[in-house]
Structure formats: structure tokens, C-alpha cells
Amino acid sequence: MFPKCKSGDLRYCFSVHRPVLVTLEGIQRGRKSNKHRGFKFEPFWLKEEECLGVVSQTWKETWLSISIKDLQNKLGRCAEELDFWSKKKFGSLRKNIEVKQKDLNEMLEAEYNADNSEKIKKLENELEGLLVREELYWRQRARTDWMCEEDRN
């Protein structure tokens, strides 16, 4: 039925399960453009008071929902506003982490004094906050509770 299909067992460690790899040759996967990547609500937004304001304001601005289509449009508009707000407020998480790490490394390499010590502590706290946000970001995308529960195989 699938002449260009190959399968085989992969190695496994620490589990009674063996993963199976299936390769389909000559079949192209459809790719989504970044423009239509879908909306993902970021859990760390809830720590910001402005988030509630963005949602409330957008919900009040838009029309009355009479049908499911109206509700979809309203939710879409709310998602757009949250995306815009997030980019303006937080920027690129990865770039912010890189900048803070670079700044911290420069401070650690500089000559030590009391002023540097306070700046280093502040940078460490800011970097820690960014890393917590990054962890929440990836936890949501993993869609598993791997950080909370152990493997029970």
C-alpha cells in the first residue's frame, strides 16, 4: 500500500517502551506560514495587571456578540490586541535574555566595588524573572506535566 514507507525500532533507555520510526519518502508535509501560527495565551501575562485591561478594553470596544461568528471575531480581535500588547511590553524574550546575560557577564568581569554588587544583584533578579517566563513559555508548548510528575512506566 505504501511502497516508499520504511519502519524500524529505535533504541530506548529507562523505559519498557520502544519507539517506532516511520519514514515516508516522497510525501511533502504541508507547512504553515508564520503569519498564521495561531494564538497562544502566555501564562506569564496573568502576572501583569495591564493584561486584564487589554482584554476588558478590547471586549468593550467590539460589537455585541449575537452569533458564534460574532464571538469568534471578538475573540480574534482580543487575541490580536494581546499579541500587540505583549510585543510592545516584553519584546523578544530570547533577545532580552541574551542582553541580560551579556550585561551580567560584563559586570562580573569588571572590577568589583559596592556599586557593581548592587547592579549585579539587580541583573541577576531580572534575568531570573526572564528565565521563569521562558520556562512557562516552553511548558505551555510541551503540553505535558513533565516538570510536575515523574515518568511512571
Side-chain angles (χ1 to χ4, degrees), residues 2 5 7 10 12-15 17 19-110 115-153:
F2 299 102
C5 176
S7 67
L10 297 176
Y12 62 99
C13 295
F14 311 112
S15 177
H17 304 286
V20 175
L21 176 66
V22 177
T23 306
L24 303 173
E25 295 177 9
I27 297 177
Q28 284 188 317
R29 291 178 52 187
R31 294 189 181 215
K32 295 180 182 177
S33 69
N34 284 342
K35 187 176 180 182
H36 302 289
R37 63 179 166 79
F39 173 74
K40 289 196 176 21
F41 184 87
E42 303 297 345
F44 71 85
W45 290 348
L46 294 173
K47 295 181 180 180
E48 302 293 328
E49 290 182 25
E50 296 170 33
C51 179
L52 177 61
V54 170
V55 173
S56 297
Q57 184 64 32
T58 304
W59 209 253
K60 289 175 188 173
E61 284 176 2
T62 54
W63 53 93
L64 181 65
S65 298
I66 298 172
S67 68
I68 294 294
K69 187 70 175 165
D70 291 340
L71 182 60
Q72 286 176 324
N73 290 335
K74 200 172 203 179
L75 288 170
R77 178 78 176 124
C78 194
E80 289 171 3
E81 289 298 318
L82 282 169
D83 263 345
F84 177 76
W85 167 77
S86 178
K87 286 177 184 157
K88 188 172 84 173
K89 171 109 177 142
F90 302 109
S92 168
L93 188 57
R94 185 180 322 131
K95 286 180 184 175
N96 290 342
I97 288 171
E98 288 172 3
V99 167
K100 291 293 179 201
Q101 284 176 329
K102 180 178 168 271
D103 292 348
L104 181 59
N105 288 338
E106 288 174 1
M107 292 299 295
L108 290 171
E109 291 173 2
D115 188 42
N116 282 1
S117 178
E118 289 178 26
K119 289 179 181 178
I120 288 171
K121 189 69 170 168
K122 182 181 179 200
L123 282 170
E124 286 174 336
N125 288 336
E126 290 172 358
L127 181 58
E128 184 178 347
L130 289 170
L131 292 172
V132 166
R133 286 185 186 158
E134 184 182 43
E135 182 180 332
L136 286 171
Y137 175 88
W138 288 113
R139 188 184 305 175
Q140 180 180 7
R141 275 142 189 85
R143 295 182 183 240
T144 63
D145 295 328
W146 64 269
M147 295 192 70
C148 297
E149 296 181 26
E150 58 186 352
D151 187 8
R152 298 177 196 242
N153 285 330

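Bear in mind that the values here come from a model prediction, so they are computed numbers and not experimental data.
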N/O donor-acceptor pairs under 3.5 Å from side chains in residues 102-109, not counting sequence neighbours:
residue: Lys102; atom: NZ; partner: Glu106; partner atom: OE2; Å: 3.2
residue: Asn105; atom: ND2; partner: Gln101; partner atom: O; Å: 3.3

Inset, instruction - List the steps and the verdict of side-chain contact (heavy atoms from CB on, under 4.5 Å) for Cys78 and Phe39. - result: CA-CA 10 Å; Cys78 194; Phe39 173 74; over 6 Å; no
Legend entry - Stepwise salt bridge (charged side-chain N to carboxylate O under 4.0 Å, His left out) check, Arg94 with Glu98: CA-CA 6 Å; Arg94 185 180 322 131; Glu98 288 172 3; 5.4 Å; no
Legend entry - Residues Glu42, Leu93; criterion side-chain contact (heavy atoms from CB on, under 4.5 Å); working and verdict: CA-CA 12 Å; Glu42 303 297 345; Leu93 188 57; over 6 Å; no
Legend entry - Val54 and Trp45: CA distance, side-chain angles, deciding distance, side-chain contact (heavy atoms from CB on, under 4.5 Å) verdict: CA-CA 11 Å; Val54 170; Trp45 290 348; over 6 Å; no
Legend entry - Test side-chain contact (heavy atoms from CB on, under 4.5 Å) applied to Leu123 and Glu126, step by step: CA-CA 5 Å; Leu123 282 170; Glu126 290 172 358; 3.9 Å; yes
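In this structure, Leu82 CG and Glu80 CD are separated by 10.5 Å, a value rounded to the nearest 0.5 Å. Put simply, CG on Asp83 and CZ on Phe41 are 11.0 Å apart, with the number rounded to the nearest 0.5 Å. Rounded to the nearest 0.5 angstrom, Glu134 CD and Leu127 CG are separated by 9.5 Å. For the atom pair CD1 (Ile68) and CG (Leu75), the distance works out to 9.5 Å, reported to the nearest 0.5 Å.
Ion pair Glu48/Lys88 not flagged as a salt bridge, since none of the NZ, NE, NH1 or NH2 atoms sits closer than 4.0 Å to an Asp/Glu carboxylate oxygen. Contact check on Lys121 versus Glu118 returns no salt bridge, with no Lys/Arg side-chain nitrogen under 4.0 Å from an Asp/Glu carboxylate oxygen.
Every residue two or more places apart in sequence or in another chain was checked for a side chain to side chain donor-acceptor pair (under 3.5 Å) with Lys122, and none qualifies. For Asp115, the side chain to side chain donor-acceptor pair (under 3.5 Å) partners are Lys119, not counting sequence neighbours.
Listed for the Asn96 side chain is no donor-acceptor partner under 3.5 Å among the backbone atoms of Gly91.
Around the CD atom of Glu128, the shell of radius 6.0 Å holds no more than 12 heavy atoms that belong to other residues, nucleotides or ligands.
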